[in-house]
Amino acid sequence: MTVRVRFAPSPTGFLHIGGARTALFNWLFARGHGGQFILRIEDTDQKRYVEGSLDDIMASLRWLGLDWDEGPDVGGPFGPYVQSERRELYRQWADWLIENGHAYTCYCSSAELKQMRKEQKENKDRLGYDRRCRYLTAAQRAEREAAGLTPVVRFAAPLEGTTTFHDAIRGDITYANEQITDQVLLKSDGLPTYHLANVVDDHLMQITHIMRADEWINTAPLHVNLYKAFGWEQPVLAHLPVVLSPSGKGKLSKRDQAFQEGNDLVLVQVREYKTNGYLPEAVDNFLTNVGWSFGDDVEKFTIREAAPRFELESINPAPTNLPYSKLDWLNSQYIQEMDDLALAQALKPYLEETGYEVNVDSLLAIVPAMKVRLKRLTDGNEFLRFLFDDDSWQPDPAKLRHNRLVDPLDAFVRSRDFVRDVASFTVASVAEGLYAIGEQATDTGKAGPLLGVLRYAVTGQQASPPLFESIVALGRTRTVERLDDCIAMLQ
RNA sequence: GACCCUGUCGUCUAGUGGUUAGGACGCGAGGCUUUCAAUCUCGAAACGAGAGUUCGAUUCUCUUCAGGGUCACCA
């Protein structure tokens, strides 16, 4: 049997990092088992629909490289892949359940249900629908229909015994049926709830394995009983561990966009990872390491390499934080593997975003030298500020001195003169000349102190690309101007 | 509150009825260096607690504690 899995997001917001992880695990499983990965849109709650979210979800999945075999845009043999276009199907199967005694119409108003819950709370009774409509006589139903009440359809759950299902990650999980209430299957607007839609679609789309978030565990017995009622085969279930907020307080998916947690900026939408300078390969790698491990003490790998090793049974069931510092490390690793042209092109939009005018050719002169310093593509904005923003160059005179320099002013003058007069303005000759001056400028004969101070003088930054490349990128004229200003400050 | 899930270094994880409990990130120290960065070496750092089973438990069982999840005409 061919493995068929699906990612089934609701278009209620931009793609969440937790959702991306769920999609990724499904993708890994499908690709590792020669199966199909299906994208299905669960838009049965029209009230929560967010304009533009479907586009973002698909764009984000594509950015991550998670391609799907069937879906709303590419079609497929089991479409449509948007639930709101399948409503007739759900209504038919809801009717089937009613006809076969597995479901019933319920006429309770929301006010009535609210009151019921209130009383349950007050009396400390178990929460949940008390099944008052389950036992209505035909006459009573007719009476309500005549009164114009629009019913919902509820599942007639088993009243006694237990329901057990097997979770591929956690093993068998058993619930007492008296804990399970009669959930709504079809809403009064004629659209299904998740419970009905998901079971009907997974069956009709021949889904073999369901990987979904942990928070669905408690409704799994309902779904299992639905499969039983329909007489359909139950797909393998696997509930993925929740992704926690970094503080460990609550699940991350409760947050819908980036927020500050202590000193860390916590990114929650996939698009935020992109705008903050992360590479999709790094995000994929990062996510795959959470709740699963490649093995052999290997931390860095592509999802293509991971797929053949990916098994449901090896997923760690414990809830988890996202280790953001590891993402930075991975991202820097992937940046260092990029070729210079690709990196220059990747950096360009971020620089332009901050208002710098850049062209790839001039960027190529400095990019190779600063590559190892980049953790995120946005770091280029900081490192290259000295190049693109003259106004930001405001060195602190106190930092132009170094206690190993015998005569800072003299060293600056000689450096300035050298840069101004050197015949060949290249990295190699600038390096040679400044080394020589630096070695004479200290009592130890080491060039380091002068070069360190010059870096600060020329760039106005504590951290920058290497000095000689920075000088060449900046150009002779601007370098001399800045050194002139520094000399004035030192006098 | 009820039910369900989970519990190995700070974090992400590997692992076993007998291991010096492994790796990674981060952190600290040192080397190298254009004293930022990268890189190399070294280091600190964990089996939540209590019973039980066993010759022996981090590993199996129970209890407990802690964290999380769910209790909608939302997914």
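A quick note: this is a predicted structure, and the numbers were derived from the prediction, not measured. Below, chain A is the first sequence line, B the second, and so on; all start at residue 1.
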Students often get this wrong, so: under 4.0 angstrom with heavy atoms, is [X] touching a base, only sugar-phosphate, or nothing?
X	value
A:Val152	base
A:Phe286	nothing
A:Glu112	nothing
A:Cys108	base
A:Thr12	nothing
A:Arg170	sugar-phosphate
A:Lys121	nothing
A:Glu299	base
A:Pro11	nothing
A:Gly291	sugar-phosphate
A:Ser464	base
A:Lys371	nothing
A:Ser188	base
A:Asp167	nothing

Can you tell me how far [atom1] in [N] sits from the matching atom in [M], rounded to whole Å?
N	M	atom1	answer
B:U53	B:C65	P	23 Å
B:G30	B:A66	P	43 Å
B:A44	B:G28	C1'	7 Å
B:C27	B:C5	P	38 Å
B:U8	B:U16	C1'	12 Å

Next on the checklist: Determine whether a donor-acceptor pair (N or O, by modelled atom type, separation under 3.5 Å) exists between the side chain of A:Thr378 and the backbone of A:Asn276.
Outcome noted: yes
Item to check | Polar side-chain atom of A:Asp167 near backbone of A:His239 as donor-acceptor pair, under 3.5 Å | outcome: yes
Atom pair distance, as rounded to whole Å: [atom1] in [X] and [atom2] in [N]:
X	N	atom1	atom2	answer
A:Leu240	B:C5	CG	C1'	13 Å
A:Phe294	B:U13	CZ	P	17 Å
A:Trp292	B:A24	CH2	C1'	15 Å
A:Glu215	B:C3	CD	C1'	17 Å
A:Ile217	B:U6	CD1	P	7 Å
A:Asn289	B:G26	CG	P	14 Å
A:Leu244	B:A66	CG	C1'	13 Å
A:Leu451	B:A37	CG	P	17 Å

Next on the checklist: If you assign A:Pro317 and A:Ala463 each to the RNA chain B nucleotide with the nearest heavy atom, which residue ends up on the more 5' nucleotide?
Outcome noted: A:Pro317
Next on the checklist: Let me spell it out: for each of A:Asp172 and A:Val298, pick the nucleotide of RNA chain B with the closest heavy atom. Which residue's pick is nearer the 5' end?
Outcome noted: A:Asp172
[X] versus [Y]: any side-chain heavy-atom pair under 4.5 Å?
X	Y	value
A:Asp130	A:Thr181	no
A:Leu434	A:Leu450	no
A:Tyr129	A:Cys106	yes
A:Asp396	A:Tyr456	yes

Item to check | Minimal non-hydrogen separation, A:Phe286 against A:Pro323, with atom names | outcome: CE1-O, 3.1 Å
[X] side chain, from C-beta outward: closest of [options]:
X	options	answer
A:Lys375	B:A37, B:C25, B:A75	B:A37
A:Asn316	B:U70, B:G67, B:U13	B:U13
A:Lys446	B:U33, B:G23, B:U35	B:U33
A:Lys187	B:A75, B:A24, B:U13	B:A75
A:Ile173	B:C25, B:G69, B:C5	B:C5
A:Pro323	B:A75, B:G69, B:C12	B:C12
A:Arg117	B:A38, B:G7, B:C73	B:C73
A:Arg48	B:C74, B:G68, B:C5	B:C74
A:Glu42	B:C25, B:G7, B:A75	B:A75
A:Val290	B:U13, B:A75, B:A38	B:U13

Between [X] and [N], is there a contact of a side-chain N or O with OP1 or OP2 at under 4.0 Å?
X	N	result
A:Thr320	B:U13	yes
A:Gln120	B:A72	no
A:Lys47	B:A75	no
A:Thr181	B:C71	no
A:Asn321	B:C12	yes

[Y]/[X] salt bridge by N-O under 4.0 Å criterion:
X	Y	answer
A:Arg309	A:Asp296	yes
A:Asp189	A:Arg87	no
A:Asp328	A:Lys375	no

Checklist entry - B:U6 pairs with which nucleotide, Watson-Crick or G-U wobble, both distances below 3.5 Å? => result B:A66
Next on the checklist: Applying the Watson-Crick and G-U wobble criteria at under 3.5 Å, what pairs with B:G30? Answer none if nothing qualifies.
Outcome noted: B:C40
Checklist entry - Got more than 12 heavy atoms from elsewhere within 6.0 Å of CD, A:Glu122? => result yes
Item to check | Matching residue for A:Tyr107 among A:Arg141, A:Glu145, A:Glu112 - test: side chain to side chain donor-acceptor pair (under 3.5 Å) | outcome: A:Glu145
Checklist entry - For nucleotides 60-65 of chain B, read 5' to 3', which letter fits each nucleotide if B means a protein heavy atom sits under 4.0 Å from the base, S means only the sugar-phosphate is that close, and - means neither? => result ------
